[in-house]
Amino acid sequence: MSTRALVIALAVSAALNLGLVGYLVGASAFDPPKRTAAGLAPIFNVERQMRFLDDDRRRELGPDRDERRRMRAVLRDIRRAQGEIWEAVRAEPFDPDALAAALQRFREQFAEQQQISHAAFIEIAAKLTPAERLRFAETVRHMERRHRREREPRPTPPRP
């Protein structure tokens, strides 16, 4: 093999290794993307958390069509803001001010989503009876523990 071919092979290998290291660092530093809004908006998850109620009671307490539409619009804005962040990161030439502005827009969208979600969550919790609130709290805690267990790496057994 010629020297030139070895240099090219070395450069390709180094690039692949750096890419793999970058991917692994990114994967370990950030949560995997969610396919649902459950991680962002308690209001979307609240119906799952209220499964212990009968259907009529769940419909009575759950978010109405307008509330859902408003949450979906806010979540679309959050996703758009996330896209702007990654566009700013990939841009050449890199502009730190553009990235800072994209991150600021994301924070604003996220804060708006949290405000809407929390207000709806409080409204639903206020309509629950004391027994329903207790059951609701137990269900939420159970779901949180299960979610945490699913995200924690499983210990690998020692090798003999």
Side-chain angles (χ1 to χ4, degrees), residues 1-51 58-59 61-127 136-137 139-156:
M1 211 177 206
S2 71
T3 305
R4 178 185 165 137
L6 286 173
V7 169
I8 291 172
L10 179 62
V12 169
S13 175
L16 289 173
N17 284 326
L18 285 174
L20 178 62
V21 168
Y23 171 78
L24 293 174
V25 168
S28 67
F30 301 103
D31 289 338
K34 306 280 188 283
R35 288 286 170 212
T36 67
L40 284 174
I43 196 65
F44 282 124
N45 214 14
V46 78
E47 289 172 329
R48 270 190 32 214
Q49 296 164 344
M50 292 192 314
R51 281 185 289 198
R58 251 193 329 265
R59 273 192 294 279
L61 294 172
D64 64 14
R65 183 177 292 158
D66 291 336
E67 185 67 31
R68 288 177 190 278
R69 191 176 298 126
R70 194 166 77 160
M71 278 305 296
R72 277 193 299 270
V74 171
L75 289 172
R76 269 192 306 272
D77 291 342
I78 288 173
R79 288 187 191 107
R80 190 175 304 118
Q82 286 173 323
E84 291 174 7
I85 291 169
W86 297 118
E87 287 174 19
V89 167
R90 289 189 299 259
E92 284 301 329
F94 176 71
D95 181 0
D97 293 334
L99 178 57
L103 287 166
Q104 177 61 35
R105 282 189 295 278
F106 174 79
R107 282 191 299 275
E108 290 166 1
Q109 292 298 325
F110 191 79
E112 180 182 352
Q113 179 273 330
Q114 290 290 289
Q115 210 171 25
I116 293 167
S117 176
H118 292 169
F121 185 76
I122 291 167
E123 184 179 323
I124 290 169
K127 293 177 185 176
F136 179 70
T139 302
V140 170
R141 294 293 295 159
H142 172 74
M143 290 175 77
E144 286 176 351
R145 282 192 298 270
R146 194 178 84 215
H147 177 69
R148 206 173 303 123
R149 267 195 318 267
E150 289 170 358
R151 291 184 57 211
E152 289 175 356
R154 293 195 172 126
T156 53

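Worth knowing before you read on, the calculation uses all heavy atoms, side chains too, and leaves out hydrogens, waters and symmetry mates.
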**Asked** For Phe106, which of Arg80, Arg79, Gln82 qualifies under side chain to side chain contact (heavy atoms under 4.5 Å, CB included)?
**Response** Gln82

**Request:** Write down the atom of Leu61, the atom of Ile124, and the distance for their closest heavy-atom approach.
**Result:** O-CG1, 3.1 Å

**Request:** Could you tell me which residues satisfy side chain to side chain contact (heavy atoms under 4.5 Å, CB included) with Gln104, sequence neighbours excluded, listed by chain and number?
**Result:** Arg107, Glu108

**Asked** Among all residues two or more places apart in sequence or in another chain, which pass the side-chain hydrogen bond (donor to acceptor under 3.5 Å, both in side chains) test with Arg70?
**Response** none

**Message:** So, using salt bridge (charged side-chain N to carboxylate O under 4.0 Å, His left out) as the criterion, who are the partners of Asp66 when residues are at least two apart?
**Reply:** Arg69

**Request:** Write out all pairs satisfying salt bridge (charged side-chain N to carboxylate O under 4.0 Å, His left out) with one or both partners inside residues 82-94, taking only residues at least two apart or from two chains.
**Result:** Glu84-Arg105

**Pairing residues for Arg76 by the salt bridge (charged side-chain N to carboxylate O under 4.0 Å, His left out) criterion, not counting sequence neighbours** = none

**Asked** What's the shortest heavy-atom distance between Val74 and Gln109, and which atoms?
**Response** CG1-O, 4.1 Å

